[in-house]
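The first residue in the sequence is number 1, and the count goes up from there. Ligands are counted one by one from 1 in listed order, and the atoms in each one are counted from 1 as well.
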Amino acid sequence: MRYNAAEQGYVSEKLTMLIVTDIESLRERLRAWRRPGTRIALVPTMGNLHAGHTSLIEHARASAERVVVSIFVNPMQFDRPEDLAAYPRTLEEDRCRLRDIDPDVVFIPAAETVYPRGMDGVTRVEVPHLSSIIEGASRPGHFIGVATVVAKLFNMVQPDVAIFGEKDYQQLLVIRRLVTDLDLPIDIVGLPTVREPDGLALSSRNRNLSPTERAQAPGLYAELRRFADRIHSGELDYASLEEQMMHNLKKCRFRPDYVSVRRAGDLAVPDGSDRELVILAAAWLGRTRLIDNVRLTLMNDR
Ligand code: PAF
(Lines give C-alpha, C1' and ligand atoms only; values in the text may rest on other atoms or scores of the structure.)
Protein backbone atom coordinates (compact mmCIF):
# COMPACT_ATOMS: atom_id res chain seq x y z
CA MET A 1 0.00 0.00 0.00
CA ARG A 2 1.44 3.43 -0.87
CA TYR A 3 0.14 7.01 -0.75
CA ASN A 4 -0.55 8.50 -4.16
CA ALA A 5 -0.82 12.28 -4.10
CA ALA A 6 -2.43 12.49 -7.55
CA GLU A 7 -5.08 9.95 -6.54
CA GLN A 8 -5.41 11.49 -3.05
CA GLY A 9 -5.37 8.18 -1.24
CA TYR A 10 -3.66 4.88 -0.67
CA VAL A 11 -3.25 2.74 -3.77
CA SER A 12 -2.77 -1.01 -3.56
CA GLU A 13 0.64 -1.95 -5.04
CA LYS A 14 -0.80 -4.79 -7.12
CA LEU A 15 -3.98 -3.31 -8.48
CA THR A 16 -5.81 -0.05 -8.87
CA MET A 17 -8.03 -0.10 -5.79
CA LEU A 18 -7.96 3.28 -4.08
CA ILE A 19 -8.64 3.61 -0.36
CA VAL A 20 -10.01 6.97 0.79
CA THR A 21 -11.03 8.08 4.24
CA ASP A 22 -12.32 11.63 3.71
CA ILE A 23 -15.39 12.88 1.88
CA GLU A 24 -13.59 15.53 -0.19
CA SER A 25 -11.15 13.02 -1.74
CA LEU A 26 -14.02 10.64 -2.40
CA ARG A 27 -16.01 13.35 -4.18
CA GLU A 28 -13.00 14.52 -6.15
CA ARG A 29 -12.38 11.00 -7.47
CA LEU A 30 -16.02 10.44 -8.31
CA ARG A 31 -16.24 13.81 -10.08
CA ALA A 32 -13.51 12.68 -12.44
CA TRP A 33 -15.54 9.58 -13.34
CA ARG A 34 -19.03 11.00 -13.52
CA ARG A 35 -20.05 11.30 -17.14
CA PRO A 36 -22.88 9.99 -19.34
CA GLY A 37 -22.58 6.25 -19.82
CA THR A 38 -20.49 5.69 -16.69
CA ARG A 39 -22.58 4.12 -13.97
CA ILE A 40 -21.33 4.23 -10.41
CA ALA A 41 -22.33 1.43 -8.03
CA LEU A 42 -22.15 1.59 -4.24
CA VAL A 43 -21.93 -1.43 -1.95
CA PRO A 44 -22.31 -0.18 1.64
CA THR A 45 -20.87 -2.55 4.27
CA MET A 46 -19.78 -2.59 7.89
CA GLY A 47 -16.69 -4.62 7.01
CA ASN A 48 -15.82 -8.12 8.21
CA LEU A 49 -16.36 -9.05 4.60
CA HIS A 50 -17.43 -12.56 3.64
CA ALA A 51 -18.64 -14.35 0.50
CA GLY A 52 -22.03 -12.62 0.83
CA HIS A 53 -20.34 -9.24 0.40
CA THR A 54 -18.21 -10.64 -2.42
CA SER A 55 -21.36 -11.57 -4.33
CA LEU A 56 -22.69 -8.00 -3.88
CA ILE A 57 -19.44 -6.46 -5.12
CA GLU A 58 -19.21 -8.84 -8.06
CA HIS A 59 -22.76 -7.93 -9.03
CA ALA A 60 -21.81 -4.25 -8.73
CA ARG A 61 -18.83 -4.89 -11.03
CA ALA A 62 -21.10 -6.46 -13.63
CA SER A 63 -23.71 -3.69 -13.49
CA ALA A 64 -21.61 -0.52 -13.35
CA GLU A 65 -18.38 0.91 -14.75
CA ARG A 66 -17.17 2.11 -11.34
CA VAL A 67 -17.60 0.39 -8.00
CA VAL A 68 -17.36 2.02 -4.58
CA VAL A 69 -17.35 -0.17 -1.45
CA SER A 70 -17.82 1.58 1.89
CA ILE A 71 -16.70 0.11 5.18
CA PHE A 72 -18.15 1.86 8.20
CA VAL A 73 -19.34 0.33 11.46
CA ASN A 74 -22.19 2.77 11.99
CA PRO A 75 -22.61 3.48 15.71
CA MET A 76 -26.05 5.03 15.16
CA GLN A 77 -27.65 1.73 14.20
CA PHE A 78 -26.58 -0.19 17.32
CA ASP A 79 -29.21 -0.17 20.03
CA ARG A 80 -26.87 -1.82 22.59
CA PRO A 81 -23.35 -0.45 23.27
CA GLU A 82 -22.04 -3.97 23.97
CA ASP A 83 -23.20 -5.06 20.50
CA LEU A 84 -21.28 -2.16 18.91
CA ALA A 85 -18.17 -3.02 20.96
CA ALA A 86 -18.38 -6.72 19.99
CA TYR A 87 -18.90 -6.05 16.27
CA PRO A 88 -15.94 -7.66 14.46
CA ARG A 89 -13.54 -5.15 12.93
CA THR A 90 -11.15 -6.85 10.51
CA LEU A 91 -9.81 -4.10 8.27
CA GLU A 92 -6.62 -5.89 7.26
CA GLU A 93 -8.48 -9.06 6.23
CA ASP A 94 -11.09 -6.93 4.46
CA ARG A 95 -8.43 -5.16 2.43
CA CYS A 96 -6.94 -8.50 1.36
CA ARG A 97 -10.34 -9.83 0.32
CA LEU A 98 -11.09 -6.61 -1.58
CA ARG A 99 -7.76 -6.72 -3.37
CA ASP A 100 -8.95 -9.92 -5.08
CA ILE A 101 -12.20 -8.31 -6.27
CA ASP A 102 -10.57 -4.95 -6.97
CA PRO A 103 -13.34 -2.33 -6.59
CA ASP A 104 -12.33 1.14 -7.81
CA VAL A 105 -12.63 2.88 -4.45
CA VAL A 106 -12.91 1.67 -0.88
CA PHE A 107 -14.28 4.40 1.36
CA ILE A 108 -13.35 3.86 5.01
CA PRO A 109 -14.43 6.95 6.96
CA ALA A 110 -13.89 7.43 10.69
CA ALA A 111 -16.92 8.09 12.92
CA GLU A 112 -15.81 11.77 13.15
CA THR A 113 -15.96 12.01 9.36
CA VAL A 114 -19.51 10.69 9.16
CA TYR A 115 -20.74 12.41 12.33
CA PRO A 116 -18.46 15.46 12.75
CA ARG A 117 -20.79 17.02 15.34
CA GLY A 118 -21.44 13.71 17.11
CA MET A 119 -24.73 11.87 16.90
CA ASP A 120 -26.77 13.81 19.48
CA GLY A 121 -29.10 16.27 17.85
CA VAL A 122 -27.93 15.45 14.34
CA THR A 123 -30.55 15.25 11.54
CA ARG A 124 -31.94 11.73 11.25
CA VAL A 125 -33.85 9.92 8.55
CA GLU A 126 -36.87 7.90 9.61
CA VAL A 127 -39.00 5.69 7.40
CA PRO A 128 -42.14 5.54 9.54
CA HIS A 129 -43.93 2.30 10.40
CA LEU A 130 -41.57 0.00 8.43
CA SER A 131 -38.81 1.02 10.87
CA SER A 132 -40.72 0.24 14.02
CA ILE A 133 -42.21 -3.19 13.33
CA ILE A 134 -40.67 -6.70 13.62
CA GLU A 135 -36.86 -6.18 13.69
CA GLY A 136 -37.43 -2.48 14.45
CA ALA A 137 -39.61 -3.37 17.45
CA SER A 138 -36.85 -5.64 18.80
CA ARG A 139 -34.12 -3.06 18.16
CA PRO A 140 -35.58 0.42 18.76
CA GLY A 141 -33.82 3.12 16.71
CA HIS A 142 -31.91 0.58 14.61
CA PHE A 143 -33.52 1.45 11.28
CA ILE A 144 -33.27 5.19 11.94
CA GLY A 145 -29.52 4.61 12.25
CA VAL A 146 -29.47 2.52 9.07
CA ALA A 147 -31.60 4.98 7.06
CA THR A 148 -29.55 7.95 8.28
CA VAL A 149 -26.17 6.48 7.39
CA VAL A 150 -27.38 5.07 4.08
CA ALA A 151 -28.86 8.46 3.13
CA LYS A 152 -25.54 10.10 4.05
CA LEU A 153 -23.56 7.54 2.01
CA PHE A 154 -25.92 8.09 -0.92
CA ASN A 155 -25.26 11.83 -0.70
CA MET A 156 -21.50 11.35 -0.42
CA VAL A 157 -21.23 8.91 -3.35
CA GLN A 158 -24.33 9.79 -5.42
CA PRO A 159 -24.37 6.32 -6.97
CA ASP A 160 -26.56 5.23 -9.88
CA VAL A 161 -27.09 1.85 -8.24
CA ALA A 162 -26.67 0.49 -4.72
CA ILE A 163 -26.54 -3.21 -3.83
CA PHE A 164 -27.76 -4.85 -0.60
CA GLY A 165 -28.25 -8.42 0.61
CA GLU A 166 -31.69 -9.93 1.17
CA LYS A 167 -30.58 -11.47 4.46
CA ASP A 168 -31.46 -8.10 6.00
CA TYR A 169 -34.81 -8.17 4.26
CA GLN A 170 -36.52 -5.47 6.32
CA GLN A 171 -33.48 -3.20 5.90
CA LEU A 172 -33.76 -3.62 2.13
CA LEU A 173 -37.42 -2.53 2.22
CA VAL A 174 -36.61 0.44 4.48
CA ILE A 175 -33.95 1.57 1.98
CA ARG A 176 -36.25 1.09 -1.01
CA ARG A 177 -38.89 3.23 0.71
CA LEU A 178 -36.34 5.88 1.66
CA VAL A 179 -35.20 6.19 -1.95
CA THR A 180 -38.80 6.42 -3.21
CA ASP A 181 -39.93 8.93 -0.57
CA LEU A 182 -36.88 11.20 -1.02
CA ASP A 183 -36.91 10.92 -4.85
CA LEU A 184 -33.33 9.70 -4.97
CA PRO A 185 -32.37 8.60 -8.51
CA ILE A 186 -30.74 5.36 -7.34
CA ASP A 187 -31.61 1.79 -8.37
CA ILE A 188 -31.73 -0.40 -5.29
CA VAL A 189 -30.77 -4.00 -6.01
CA GLY A 190 -31.38 -6.78 -3.48
CA LEU A 191 -29.43 -10.03 -3.91
CA PRO A 192 -30.21 -13.48 -2.47
CA THR A 193 -28.67 -14.53 0.81
CA VAL A 194 -25.43 -16.49 0.47
CA ARG A 195 -25.38 -19.58 2.70
CA GLU A 196 -22.95 -22.09 4.13
CA PRO A 197 -23.42 -25.62 2.72
CA ASP A 198 -25.47 -26.49 5.85
CA GLY A 199 -27.87 -23.57 5.21
CA LEU A 200 -26.59 -21.03 7.75
CA ALA A 201 -26.83 -17.53 6.27
CA LEU A 202 -23.42 -15.87 6.03
CA SER A 203 -23.15 -13.09 8.59
CA SER A 204 -20.38 -11.18 10.31
CA ARG A 205 -21.89 -12.32 13.59
CA ASN A 206 -21.32 -16.03 12.86
CA ARG A 207 -17.72 -15.73 14.00
CA ASN A 208 -19.00 -15.05 17.55
CA LEU A 209 -20.64 -18.51 17.71
CA SER A 210 -18.94 -21.18 19.84
CA PRO A 211 -18.32 -24.53 18.04
CA THR A 212 -21.45 -25.99 19.71
CA GLU A 213 -23.56 -22.97 18.74
CA ARG A 214 -22.17 -23.09 15.20
CA ALA A 215 -23.38 -26.68 14.93
CA GLN A 216 -26.87 -25.63 16.14
CA ALA A 217 -27.12 -22.42 14.09
CA PRO A 218 -28.38 -23.97 10.79
CA GLY A 219 -31.53 -24.93 12.77
CA LEU A 220 -32.89 -21.41 12.21
CA TYR A 221 -32.95 -21.79 8.42
CA ALA A 222 -34.12 -25.41 8.68
CA GLU A 223 -37.12 -24.28 10.76
CA LEU A 224 -37.88 -21.45 8.31
CA ARG A 225 -37.86 -23.95 5.43
CA ARG A 226 -40.12 -26.31 7.35
CA PHE A 227 -42.52 -23.41 8.03
CA ALA A 228 -42.55 -22.46 4.32
CA ASP A 229 -43.20 -26.09 3.33
CA ARG A 230 -46.22 -26.23 5.64
CA ILE A 231 -47.68 -23.07 4.07
CA HIS A 232 -47.02 -24.52 0.61
CA SER A 233 -48.85 -27.68 1.58
CA GLY A 234 -51.96 -25.70 2.47
CA GLU A 235 -51.72 -24.70 6.15
CA LEU A 236 -53.08 -21.18 6.46
CA ASP A 237 -53.18 -20.52 10.19
CA TYR A 238 -50.05 -18.36 10.18
CA ALA A 239 -50.35 -17.38 13.86
CA SER A 240 -50.33 -21.01 14.92
CA LEU A 241 -47.40 -21.81 12.59
CA GLU A 242 -45.46 -18.87 14.06
CA GLU A 243 -46.10 -20.18 17.57
CA GLN A 244 -45.01 -23.68 16.60
CA MET A 245 -41.79 -22.40 15.06
CA MET A 246 -41.04 -20.36 18.21
CA HIS A 247 -41.57 -23.55 20.22
CA ASN A 248 -39.34 -25.63 17.89
CA LEU A 249 -36.58 -23.03 18.05
CA LYS A 250 -36.65 -23.16 21.85
CA LYS A 251 -36.35 -26.95 21.67
CA CYS A 252 -33.23 -26.45 19.48
CA ARG A 253 -31.71 -24.20 22.20
CA PHE A 254 -32.47 -20.86 20.50
CA ARG A 255 -34.02 -17.95 22.37
CA PRO A 256 -36.31 -16.64 19.63
CA ASP A 257 -37.06 -12.93 19.39
CA TYR A 258 -39.74 -13.22 16.73
CA VAL A 259 -41.08 -15.35 13.93
CA SER A 260 -43.40 -13.50 11.58
CA VAL A 261 -45.10 -14.19 8.24
CA ARG A 262 -45.60 -10.99 6.30
CA ARG A 263 -46.51 -9.73 2.86
CA ALA A 264 -43.21 -9.61 0.95
CA GLY A 265 -43.74 -6.18 -0.64
CA ASP A 266 -44.49 -4.08 2.44
CA LEU A 267 -44.36 -6.36 5.50
CA ALA A 268 -48.08 -5.94 6.17
CA VAL A 269 -49.82 -8.81 7.96
CA PRO A 270 -51.02 -11.01 5.07
CA ASP A 271 -54.60 -11.92 4.40
CA GLY A 272 -55.78 -15.00 2.51
CA SER A 273 -55.39 -13.32 -0.88
CA ASP A 274 -51.69 -12.46 -0.56
CA ARG A 275 -49.41 -14.64 -2.69
CA GLU A 276 -45.95 -13.12 -2.15
CA LEU A 277 -44.90 -13.79 1.43
CA VAL A 278 -41.78 -13.65 3.55
CA ILE A 279 -41.17 -15.43 6.84
CA LEU A 280 -38.80 -13.45 9.04
CA ALA A 281 -37.12 -14.73 12.18
CA ALA A 282 -34.57 -13.58 14.74
CA ALA A 283 -33.19 -15.75 17.52
CA TRP A 284 -30.34 -15.77 19.99
CA LEU A 285 -27.86 -18.58 20.34
CA GLY A 286 -25.90 -17.82 23.49
CA ARG A 287 -24.73 -14.22 23.06
CA THR A 288 -25.15 -14.12 19.29
CA ARG A 289 -28.32 -12.88 17.62
CA LEU A 290 -29.07 -14.40 14.22
CA ILE A 291 -31.65 -13.23 11.70
CA ASP A 292 -32.83 -14.95 8.57
CA ASN A 293 -35.82 -15.11 6.25
CA VAL A 294 -37.43 -17.19 3.53
CA ARG A 295 -39.50 -15.85 0.64
CA LEU A 296 -42.37 -17.83 -0.82
CA THR A 297 -44.82 -17.45 -3.67
CA LEU A 298 -48.17 -19.20 -3.38
CA MET A 299 -49.90 -20.65 -6.41
CA ASN A 300 -53.10 -18.95 -7.53
CA ASP A 301 -55.19 -22.13 -7.39
CA ARG A 302 -54.95 -22.48 -3.59
O1 PAF B 1 -26.16 -4.12 6.20
C2 PAF B 1 -25.21 -3.47 6.67
O3 PAF B 1 -24.05 -3.91 6.72
C4 PAF B 1 -25.48 -2.09 7.26
O5 PAF B 1 -26.72 -2.05 7.90
C6 PAF B 1 -25.36 -0.96 6.22
C7 PAF B 1 -26.41 -1.09 5.13
C8 PAF B 1 -23.97 -0.97 5.63
C9 PAF B 1 -25.58 0.40 6.91
O10 PAF B 1 -24.65 0.61 7.93
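Counting non-hydrogen atoms of other residues, nucleotides and ligands closer than 6.0 Å to CZ of R225 gives a total of 12 or fewer.
For E223 and R226, the salt-bridge test passes: some basic side-chain N is under 4.0 Å from an acidic carboxylate O. With respect to E135 and R289, a salt bridge is recorded, a charged nitrogen being found less than 4.0 Å from a carboxylate O. A salt bridge does not link D257 with R139: every distance from a Lys NZ or Arg NE/NH1/NH2 to an Asp or Glu carboxylate oxygen is 4.0 Å or more.
Side-chain atoms of D120 and Y115 form no donor-acceptor pair, as typed in the model, at a separation below 3.5 Å.
Partners of R117 under the salt bridge (Lys or Arg N to Asp or Glu O under 4.0 Å) rule, at least two apart in sequence or in another chain, do not exist in this structure.
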Are there any N/O pairs under 3.5 Å between ligand 1 and the protein, and if so, what are their distances?
{"from": "ligand 1", "atom 1": "1 (O)", "to": "Q171", "atom 2": "NE2", "distance (Å)": "2.8"}
{"from": "ligand 1", "atom 1": "5 (O)", "to": "Q77", "atom 2": "NE2", "distance (Å)": "2.9"}
{"from": "ligand 1", "atom 1": "5 (O)", "to": "Q171", "atom 2": "OE1", "distance (Å)": "2.7"}
{"from": "ligand 1", "atom 1": "10 (O)", "to": "Q77", "atom 2": "OE1", "distance (Å)": "2.6"}

